[in-house]
Amino acid sequence: MSKRARSARRLASLLTSKSGTYVRVYYDRQIRRYRVVWTNGPDAAQMFTFAVQAAGEVPELDVATLLWDRGTTNNHH
């Protein structure tokens, strides 16, 4: 597993803890960017704030380039 992939997993874990909802961070090969996906919970702006606070722990990821994809309970990823 690459350092970036490890950082993505770490960020998902940190965001899950901060937000109180399950968060997944994965590389979307079609668009060649990392995507942050979660259901319900905080809005994208709040989740981005959490990511900025955690950025020091995931130096291989540039949180400003991540895509934020908040779903609802009816939206399965």
Would you give the length of the straight line joining atom [atom1] of [X] to atom [atom2] of [Y], rounded to the nearest 0.5 angstrom?
X: I31; Y: L67; atom1: CD1; atom2: CG; value: 4.5 Å
X: L14; Y: S7; atom1: CG; atom2: OG; value: 10.0 Å
X: L15; Y: T49; atom1: CG; atom2: OG1; value: 11.0 Å
X: R24; Y: T16; atom1: CZ; atom2: OG1; value: 11.5 Å
X: R6; Y: M1; atom1: CZ; atom2: CE; value: 7.0 Å
X: R35; Y: Q30; atom1: CZ; atom2: CD; value: 9.0 Å

If hydrophobic clusters are built by linking Ile, Leu, Val, Met, Phe, Trp and Tyr wherever their side-chain heavy atoms come under 4.5 Å apart, do [X] and [Y] end up in the same one?
X: V25; Y: W38; value: yes
X: F50; Y: V23; value: yes
X: Y22; Y: V58; value: no

Item to check | Under 3.5 Å: donor-acceptor pair, side chain of R33, backbone of T65 | outcome: yes

Item to check | Shortest non-hydrogen contact from T21 toward G41 | outcome: CG2-CA, 4.4 Å

Checklist entry - Which heavy-atom pair separates S2 from A5 by the least distance, and what is that distance? => result OG-N, 3.0 Å

Checklist entry - Does F48 have any ring-ring contact (aromatic ring centres under 6.0 Å, His included) partners at least two apart in sequence or in another chain, and if so, which? => result W68

